[in-house]
Protein chains: 2
Amino acid sequence: MSKDAKRTTIYDLAKLAEASPSAVSSVLNGTWEKRRISRKLAERVMSLAEEQGYSVNVQASLLRRERSNILGMIVPKYDNRYFGKIAEEFEATARARGFFPVVTCTQRDPDLEFEAAKELVSYRAECLISTGATDPDRISAFCDASGVQSINLDLPGTLAPSVISDNYSAAQELTGLILDRCEKELGWSGPLRFVGGRLADHNTSARLEGFLAEHRKRGIAVPQSYIMATGYSAEKAAIALADFHPEGPAGIFVNSTISLEGVVRWHSGLARGGDEIRYGCFDWDPFGPLLPGNVGMVEQDVSAMLTRAFELIGKTDLSHEQVLIPCKLWPFQAPLARREG
Amino acid sequence: MSKDAKRTTIYDLAKLAEASPSAVSSVLNGTWEKRRISRKLAERVMSLAEEQGYSVNVQASLLRRERSNILGMIVPKYDNRYFGKIAEEFEATARARGFFPVVTCTQRDPDLEFEAAKELVSYRAECLISTGATDPDRISAFCDASGVQSINLDLPGTLAPSVISDNYSAAQELTGLILDRCEKELGWSGPLRFVGGRLADHNTSARLEGFLAEHRKRGIAVPQSYIMATGYSAEKAAIALADFHPEGPAGIFVNSTISLEGVVRWHSGLARGGDEIRYGCFDWDPFGPLLPGNVGMVEQDVSAMLTRAFELIGKTDLSHEQVLIPCKLWPFQAPLARREG
DNA sequence: GTTATATGCTCCATCGATTGCGCATATGTT
DNA sequence: AACATATGCGCAATCGATGGAGCATATAAC
């Protein structure tokens, strides 16, 4: 069975079953009742297929029907829970709806993103979801020219509908939480510092706006130097903070878990122990609640985002609007008083 | 350009270029010099293709050449850095070698694993790499019957070559590290507890052997009740430890970051503060070094594993042996003495 | 007994790209 | 002038599956 150089085709099965290839084909793709094939022949063919280890040649099948069933997704990285969850849920949902999901990871590299998109278009994907793409419009334009639907997730574009988190509101809430906790636990009232992300990036700028709005609401001025959007890198966050040796209380709004790594590294290295530091992070990680000084995290609602994105698939009359999905804010308890234990 | 219901084909381009479809095809797939097509025609075709936004129909192309260029990979989850890195590096390496990587995440579900494998075989993948598959032999047997090569990564099987971490040695080293640190910092000499993983699982049992070997070497007996292989879940690890209220020093060997979450949750909730607890984890996470009590972690050498796996692709004369890849042990510094600061 | 209707299956063109073979025309050789 | 070789390209079969159209035979209706 495993010796055949060539794989079993419907023609082989047809010979064995003494039937025509079209009968075999219709049995195997489930249209045999519509095509009035007898149950007897159908069963013969199916058991032969089983026996011979037959599996359709998808390439041939897809060539003939003009549908690929492929759903493509581009994600920048797999190095945090957010994108990991997106990929997992996307695959599960796609499969549940009869699609073949193909997820590809493009390392935040605009050219790689575009190459991957082109590849997925070559495979005649039904729809391409660009997640956190650095240049979503370039991808949408290309997809458009090839008649492939595209949808933006996480970062918005102007040439396709976009499903994104409500960064502004959640950032404002998180800022409020950190300020409240600083007030309550340290008797100190800001302003906070903003660490991580890229200002050119839509999400970062929306979060910064929320951050500033909450300060404004409370009548707190934020010095320019407090905004440290150092990119998505633990090192850069740690370096940006390296010269910061707080003498008194301080608070930080951390943008993404990757920056959080840098902040926590800095924090744990503080000579004075950093007991008077409070921070919160716009992103979720299961180790977050265990980090000293962390007052809360924002978790983006991946399920809701994907649900909305899937609703858009196949729709053609789309206005290219942004769909905003609220986030969940997880406040953490004040740390157990270790020192007094 | 975006109005065409049908996508541009080589026949359309042939008409526009006043040439034959075969000439167009050879220009577009790079064989035109071998086929003695003039540079002049080639350039005309290429610019027309660009202009028309042409992209090959991979389905048709792959049907004709009997090569798919698809490299499939099955991973159980994207919820930790290990599998995330595997997926990322697999994709990058595959792309660099001219393959089209398709990674699919199967939620540790044996049936889903098998379905995904069947799907990839239908796509005529050149080779399927099963990572951490719960039932790798079932997949290998199926692939074998269809003439598709299969390779096991992370967990070994008997029907295909397997590239796995040297769990035994690394576990023994990690056990030694934890015991040493308990000795040095707490003046206590074990035995340690073993938390997380599944005993039926090859990796867990190899790690447990290394764990026991190191104890044996030091003449330390490990009570049966100290082995708590509660599965891959933070909750279960936390529950298993819930009744454990150490009065004196204690040490834990934690199997995987997912279990580590549970251990750390338990640890941070200890009434006495858990200052006399030391643990280490067989797995890597960037927040690890920042967790109090964590003396070190084992990082599996993803690059080396994938390099070896890629070397096996296309080889047919394979003995189905296991290739062992050494891990890296990262010892962490003793925590800065916060309390005395 | 003749005309509908149902049943069960086959024939064949088709999807788009690839490639062995071969036919012209151009250039070189003696 | 006659022949050899090189250049440039087209023809047509092929990969495997699909599905509209149609052909027998069987059963029902009148």
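Quick caveat: nothing in here was measured; it's all calculated off a predicted structure. Letters A, B, ... are given to chains in the order of the sequence lines, protein chains preceding strands, and every chain is numbered from 1.
For the pair B:Arg64 CZ and D:dA12 C1', the interatomic distance rounds to 11 Å; values are reported in whole Å. The interatomic distance linking B:Tyr123 (OH) with D:dG16 (P) rounds to 18 Å, in whole Å. The CG atom of B:Leu62 sits 11 Å away from the C1' atom of D:dC15 (whole-angstrom rounding). Atoms CZ (A:Arg36) and P (D:dT25) sit 16 Å apart, rounded to a whole Å. What separates CZ of A:Arg67 from C1' of D:dG19 is a distance of 17 Å, to the nearest Å. Taking atom CG of residue B:Asn69 and atom P of nucleotide C:dA17, one finds them 17 Å apart after rounding to whole Å. In this structure, the OH atom of B:Tyr54 is 10 Å from the P atom of C:dG16, given to the nearest Å. Whole-Å rounding puts the B:Arg7 CZ to C:dG16 P distance at 10 Å.
One distance of note links CE of A:Met305 with CG of A:Leu153; it measures 4.5 Å at 0.5 Å rounding.
One side chain, A:Ser140 or A:Ser150, offers a donor N or O that lies under 3.5 Å from an acceptor on the other. Defined by atom type and a distance below 3.5 Å, a donor-acceptor pair is missing between the side-chain atoms of B:Ser162 and B:Gln322. For the residue pair A:Thr104/B:Arg95, the side-chain donor-acceptor check at 3.5 Å is satisfied.
Side-chain nitrogen and oxygen atoms of B:Tyr11 include none within less than 4.0 Å of the OP1 or OP2 phosphate oxygen of C:dT18. Taking 4.0 angstrom as the limit, B:Ser20 places a side-chain polar atom (N or O) nearer than this to OP1 or OP2 of D:dG10. Taking only side-chain nitrogens and oxygens, B:Thr31 never comes nearer than 4.0 Å to OP1 or OP2 of C:dT19. When the side-chain nitrogen and oxygen atoms of A:Asn29 are compared with OP1 and OP2 of D:dT18, one or more of them lie within a distance under 4.0 Å.
Using a 4.0 Å cut-off between charged nitrogen and carboxylate oxygen, A:Arg108 and A:Asp79 do not count as a salt-bridge pair. Here B:Lys85 does not pair with B:Asp301 in a salt bridge; the nearest charged N to carboxylate O distance is not below 4.0 Å.
If you check D:dG22, C:dG16, D:dT18 against the side chain of A:Ile10, the one that comes closest is D:dT18. The A:Asn57 side chain lies nearest to D:dG16 when the options are D:dG16, D:dG10, C:dA17.
Across the interface with DNA chain D, nearest-nucleotide mapping of B:Leu63 and B:Ala23 shows B:Ala23 to be the residue nearer the 5′ end. When each of B:Ala60 and A:Ile37 is assigned the nucleotide of DNA chain C with its nearest heavy atom, A:Ile37 is the one assigned upstream, toward the 5' end.
Between the base of C:dT7 and the side chain of A:Arg35 there is no donor-acceptor pair shorter than 3.5 Å. Counting distance only, with no hydrogens placed and no angle test, the side-chain atoms of B:Ser22 and the base atoms of D:dC11 include a donor-acceptor pair under 3.5 Å. Side-chain atoms of B:Arg65 stay outside donor-acceptor range of the base of C:dT18, with no qualifying N/O pair under 3.5 Å.
Heavy atoms of B:Glu66 sit under 4.0 angstrom from primed sugar atoms or phosphate atoms, though from no base atom. The residue B:Ser25 sits close to a base: some heavy atom pair falls under 4.0 Å.
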